[in-house]
2 protein chains.
Amino acid sequence: MKNITTPATTVERLPLYYRYLQKMDSQGVEVISSKELGDGLGIPSTQVRKDLSYYGEFGRRGVGYEVSDLMKNLERILGLDNNWKVVLVGAGNLGQALVNYGGFKKLGLNISHVLDIDTNKIKSNLGSAEVYPMKQLRTVVTENDIKIGIVAVPSEVAQQVADELIDAGIKAIWNFAPIHLRVSDDIKVRDEDLSIGLISLSYYLSN
Amino acid sequence: MKNITTPATTVERLPLYYRYLQKMDSQGVEVISSKELGDGLGIPSTQVRKDLSYYGEFGRRGVGYEVSDLMKNLERILGLDNNWKVVLVGAGNLGQALVNYGGFKKLGLNISHVLDIDTNKIKSNLGSAEVYPMKQLRTVVTENDIKIGIVAVPSEVAQQVADELIDAGIKAIWNFAPIHLRVSDDIKVRDEDLSIGLISLSYYLSN
DNA sequence: TAGATTGTTAATCGATTAACAATC
DNA sequence: TAGATTGTTAATCGATTAACAATC
């Protein structure tokens, strides 16, 4: 393993590997080859091996990868063993869907706190997350040492919410507002622009 | 304009251009340079020009791009003038959030029909979309000539739902289930795997 | 003409894939 | 040893960026 920078595309695939391993593990599979792993995800086996090689040598030649072992390694690599707390700002339709989305808990991630301007409007289907008014943003973030924030508010206020989150100590933002957030270099922003998916399908159907 | 295949990454950026132009247009801006457009989205001006150049020459040297003109061209390129009907399968939290997501209508796309196994469970906040039981999948798709389907059902049934949609005539699928759908080559699948976003933030915070 | 900005070429950078020695 | 599969190198492929002539 040389210390070359990992391609961004590799990072996107690691979660897929991890989740597929979870699935195989739950089915009692103990050893898996890069071919089997790749086939399950529509990814070439060469790419699976190459991706993993950025982080170490996890397999045995002639044999494959031990499922539980590779899972543990990926947990560490992806930082899932940190048990991050996550704060969600904006409890509209999308925000509520995210809180109730089952996929995160399995991954050691959970939306622990929810903020909204109108705490009354929030329906009670927010699972185990605690709900607070926007005013308490700073308190919630600092007292719980939260580093990850989700922005699910209207575009017009997204930049302001991001600024407040960063000011309170947030280091990574998952942004669902369809605007370009301006942040300093030490803050990681991940845009999840839902319109793009649907428009790109329209594009491919038309061309 | 030569006929080279357009990079997939370019297709992802076209919707961003289009939406930013809509915003500028609503603010009364009539002409915009690739620099201004790029700055608003965090994209280099060279890339903006290169992206557009795959489809034609839309600007005037020394001047820039006429906003309304470029918008019309992008509408055509993205196929937004087709006024696609879209069928959503799965009216859970996420499905409901998608139906109520305001961003699509502005783009000439709209979720016109919703399917779910349990029509009773569906709350009434599904806007103008019509709700049908799963049994009517084929009828809804064929009678309305729908080509785009959204899969927002649990992973266990996602492949089966996709198969049924394709069998009824759907050509493009927006898949929110975190599994790899197996489809023939003439079907376009766009995966929207929500876990990846959050996990990748965890990764970047840990490294 | 002087200044601005496009459209495009060529150079650079980054990601994927093929091939194969190493090794279980 | 024979068969299988990893880890890695080198070749290929694809995307971004710098530079600049064309032109308003």
Side-chain angles (χ1 to χ4, degrees), chain A residues 1-17 20-21 24 29-71 73-74 77 180 196 200 203-204, chain B residues 1-17 20-21 24 29-67 69-71 73-74 77 196 200 203-204:
Chain A
M1 174 201 177
K2 306 241 187 48
N3 231 3
I4 292 171
T5 41
T6 313
T9 43
T10 290
V11 178
E12 304 277 296
R13 284 186 294 263
L14 296 180
L16 303 182
Y17 301 152
Y20 195 74
L21 289 166
M24 289 300 105
V29 176
E30 293 184 350
V31 173
I32 194 169
S33 69
S34 59
K35 177 88 171 42
E36 292 163 327
L37 183 44
D39 284 351
L41 296 164
I43 295 170
S45 66
T46 330
Q47 186 143 68
V48 172
R49 296 201 298 282
K50 176 103 235 196
D51 284 341
L52 296 174
S53 78
Y54 290 108
Y55 302 97
E57 305 190 2
F58 305 122
R60 287 216 301 161
R61 289 166 196 236
V63 180
Y65 301 87
E66 206 197 310
V67 173
S68 67
D69 178 64
L70 186 52
M71 277 178 64
N73 275 294
L74 284 171
I77 293 164
H180 177 241
I196 294 178
S200 74
Y203 172 88
Y204 286 110
Chain B
M1 174 199 180
K2 306 237 187 54
N3 231 2
I4 293 171
T5 41
T6 313
T9 44
T10 290
V11 178
E12 302 278 294
R13 284 186 295 264
L14 296 179
L16 304 181
Y17 301 152
Y20 195 75
L21 289 166
M24 290 299 105
V29 177
E30 294 184 350
V31 172
I32 195 169
S33 69
S34 59
K35 177 87 169 43
E36 292 164 326
L37 183 44
D39 284 352
L41 296 164
I43 294 171
S45 67
T46 331
Q47 186 143 69
V48 172
R49 295 201 298 284
K50 177 105 240 201
D51 284 341
L52 296 175
S53 78
Y54 289 107
Y55 303 96
E57 305 190 1
F58 305 123
R60 287 216 302 160
R61 290 167 197 236
V63 179
Y65 301 86
E66 206 197 311
V67 174
D69 178 64
L70 187 51
M71 277 177 65
N73 275 294
L74 285 171
I77 294 162
I196 293 179
S200 75
Y203 172 89
Y204 286 111

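Here dA15(C) is the nucleotide among dC24(C), dG7(D), dA15(C) with the atom lying nearest to any side-chain atom of Pro7(A). Nearest to the side-chain atoms of Val63(B) among the listed nucleotides dC24(D), dT16(D), dT17(C) stands dC24(D). Among the nucleotides dA10(C), dC24(D), dT17(C), the one closest to the side chain of Arg61(B) is dC24(D). Proximity note for Thr46(A) (side chain, C-beta onward) versus dT16(C), dT9(C), dA18(C): the nearest is dA18(C).
From Lys35(B), atom NZ reaches atom OG1 of Thr46(B) across 10.5 Å, with rounding to the nearest 0.5 Å.
Take the nearest nucleotide of DNA chain C for Gly62(A) and for Ala8(A): the residue whose nucleotide is more 5' is Ala8(A). Heavy-atom distances to DNA chain C give each of Thr9(A) and Gly64(B) a nearest nucleotide, and the one nearer the 5′ end belongs to Gly64(B).
When the C1' atom of dA19(D) is taken as reference, atom NZ of Lys35(B) falls 17 Å away, rounded to whole Å. The distance between atom CD of Gln47(B) and atom C1' of dA15(D), rounded to the nearest whole Å, is 8 Å. One atom, CD of Glu36(B), and another, P of dT6(C), lie 9 Å apart when rounded to the nearest Å. Taking atom CD of residue Glu57(A) and atom P of nucleotide dA22(C), one finds them 14 Å apart after rounding to whole Å. In this entry the distance linking CG of Asp51(B) with P of dT8(C) reads 14 Å, nearest Å. For the pair Leu52(A) CG and dT17(C) P, the computed distance is 15 Å after rounding to whole Å. Nucleotide dT6(C) holds its P atom 17 Å from the OH atom of Tyr54(B), rounded to whole Å. To the nearest angstrom, P of dT5(D) lies 16 Å from CG of Leu70(A).
Pair check for dT9(C) finds dA18(D); Watson-Crick or G-U wobble, both atom distances under 3.5 Å. Remark: dC24(C) base-pairs with dG3(D); criterion is Watson-Crick or G-U wobble with both hydrogen-bond distances under 3.5 Å.
The side chain to side chain contact (heavy atoms under 4.5 Å, CB included) test with Leu21(A) singles out one residue from Leu16(A), Val67(A), Asn73(A), and that residue is Val67(A).
With contacts defined as side-chain heavy-atom distances shorter than 4.5 Å, the pair Leu41(B)/Val48(B) does not qualify. At a threshold of 4.5 Å between non-hydrogen side-chain atoms, the residues Ile77(A) and Phe58(A) count as touching.
Nucleic acid contact class of Ser34(A) (heavy atoms, under 4.0 Å, all strands): sugar-phosphate only. Among the protein residues, Ser33(A) comes within range of the sugar-phosphate backbone only, with heavy atoms under 4.0 Å from sugar or phosphate atoms but none that close to a base. As judged by a 4.0 angstrom heavy-atom cut-off over every strand, Lys50(A) is placed among the base-contacting residues.
The side chain of Thr5(B) places no N or O atom within less than 4.0 Å of a non-bridging phosphate oxygen (OP1 or OP2) of dG14(D). For dA22(D), the OP1/OP2 oxygens have no side-chain nitrogen or oxygen of Arg60(B) closer than 4.0 Å. At the phosphate of dG7(C), OP1 or OP2 sits under 4.0 Å from a side-chain N or O atom of Tyr65(B).
Shortest non-hydrogen contact noted between Ile196(B) and Pro15(A) is CG1-CB, 4.2 Å.
Residue Arg49(B) places a side-chain atom within donor-acceptor reach of the base of dG7(C), judged by atom type and a 3.5 Å distance cut-off alone.
With 3.5 Å as the limit, one finds a donor-acceptor pair spanning the side chains of Tyr17(A) and Asp51(A).
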